[in-house]
Number of protein chains: 2
Amino acid sequence: MSERTPGLRERTRLAVQKEIAEAADALFVERGFEATTVDDIAAAVGMSQRSVFRYFATKEEIVLGKFDLVVDDMLAALRARPADEAVWTSLHRVFDVLVSLAEKPGHEEMVEPIHRVVFETPALLAGYLQKLQHMQDAVVTELRDRADAAGTPYAVDDPTPRALTAAAFGCLVAAQHSWLASGAKGSFADAVDRAMATVGPRP
Amino acid sequence: MSERTPGLRERTRLAVQKEIAEAADALFVERGFEATTVDDIAAAVGMSQRSVFRYFATKEEIVLGKFDLVVDDMLAALRARPADEAVWTSLHRVFDVLVSLAEKPGHEEMVEPIHRVVFETPALLAGYLQKLQHMQDAVVTELRDRADAAGTPYAVDDPTPRALTAAAFGCLVAAQHSWLASGAKGSFADAVDRAMATVGPRP
DNA sequence: GCCCAATCTGTCAGCTACTGTCAATATAGG
DNA sequence: CCTATATTGACAGTAGCTGACAGATTGGGC
């Protein structure tokens, strides 16, 4: 009924999910996303195609599912910012969650190639942009709540929070683009900082 | 070999394409995108499914293909802006192309429902965002060319043009979102103006 | 108006992503 | 240890999409 310890069942499920994702990612990086069949992935982890689809709703989700976990972290990060902080600054700090994830040691080797697969595969890029869009919806809701709580609510038809959020996420994507285009040489954090410095809220 | 008058062949092709798109759009609005089969569309226009795919590469393109035509217009609009105009202003004016298209009389009745279908169907929203992304690539290239021609080129690793463009397009999507959320009551042009007024380039 | 090459079309066969169903198996948790 | 529940593979089926081919249609030069 309520929250309990994850439970063994749940834990094995996540473990299998991770195993599939890792095997699939390796294949995607090696042969490309479209050239890799779900049957290939199933064979690689030794299960039936049907079972792969029991862990991931779609082939895309094998790659993009990772980002769902980040959404919660990002929202938590947003809620943790002081209520009177400038919105643009809060958004910038929220992106630190993504940055630190990209720079986390261990799977550093895979982050950039997968990133590249996402940006170079039309279906994946589209799915990724859509996930960012959903994330923006959640962020906008949070920003409105925050303004309400601060006693300075936005008018219902005020596009400000959504426009600010969209602009910030636009900068994020621009940063990822620049970063990949430069061969992922500099730090990702710098790329984000630089992109977000070029634009800002109007006085 | 070179550019001639459209030619009858080409014109009939475009006519058939338009006929398919209109029949399909009606079905999409009526039953929804996913619930409508390509066979349904083929039956509606009295041809085989195979032939429908000869006019549109994918089912999504039947809806989203329209936007490809706009891209060229928008790029032309960008090139028509004075070279020394502020980038943000140029981008704002480029969006007028979209606005005037949405407000063009004749098919006004369909613009809003289709818009709604796009924003409410995950696959279509994803595809739409991806098209906007491609459009941004073209715009960024154009902005760099313009800066080069003006003798004030951007450094190759300067994220400014891309970030500005991404922020502007973010505002565009935010405007569409607000407009739809308000039941498409006010003018779309106002929605765009308001969204773009909340953000701007940093000094 | 005639003719031919280019284009269009339907049909069929096939691939891949994805889903429903069901019976068999495994196992968490009492 | 036992059973309710979750997990699985096997099979069948649908929808989107593609290649191949043969036949009908037709634009446009003659």
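First the proteins, then the strands, lettered A, B, ... as listed; each starts at 1.
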Legend entry - Step-by-step salt bridge (charged side-chain N to carboxylate O under 4.0 Å, His left out) determination, B:R194 to A:D158: CA-CA 8 Å; B:R194 295 214 294 155; A:D158 187 351; 5.4 Å; no
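The interatomic distance linking A:Q49 (CD) with C:dT19 (P) rounds to 10 Å, in whole Å. Between the CZ atom of A:F28 and the C1' atom of C:dA17 there is a distance of 12 Å, rounded to whole Å. Note: CZ (A:R50) to C1' (D:dT7) measures 12 Å, nearest angstrom. What separates CD1 of B:I62 from P of D:dG16 is a distance of 9 Å, to the nearest Å. Separating the CZ atom of B:F53 from the P atom of D:dA15 is a distance of 12 Å, rounded to the nearest angstrom. Taking atom CD1 of residue B:I41 and atom P of nucleotide D:dG16, one finds them 8 Å apart after rounding to whole Å. Counting to the nearest Å, the C1' atom of C:dG10 and the CG atom of B:D39 are 13 Å from each other. For the pair A:L14 CG and D:dA6 C1', the computed distance is 15 Å after rounding to whole Å.
A side-chain donor from one of A:R146 and A:S90 sits under 3.5 Å from a side-chain acceptor of the other. Between the side chains of B:D39 and B:T37, no donor N or O sits under 3.5 Å from an acceptor N or O.
Of the possible donor and acceptor atoms, one in the side chain of A:K59 sits under 3.5 Å from a partner among the backbone N and O of A:F33.
Residues A:P153 and A:D148 meet the side-chain proximity criterion, which asks for heavy atoms closer than 4.5 Å. Counting only heavy atoms from C-beta outward, the side chains of A:D137 and A:R162 approach each other to under 4.5 Å.
The stretch residues 54-61 of chain A touches DNA chain C through A:R54, A:A57, A:T58, A:K59, each having a heavy atom under 4.0 angstrom from the strand.
Contact of B:R11 with D:dG27 (side chain to base): no donor-acceptor pair of N or O atoms is detected under 3.5 Å.
A 6.0 Å sphere centred on NZ of A:K18 holds no more than 12 heavy atoms belonging to other residues, nucleotides or ligands.
Phosphate contact (OP1/OP2 of D:dG9, side-chain N/O of A:S51, threshold under 4.0 Å): present.
Nucleic acid contact class of A:T36 (heavy atoms, under 4.0 Å, all strands): sugar-phosphate only.
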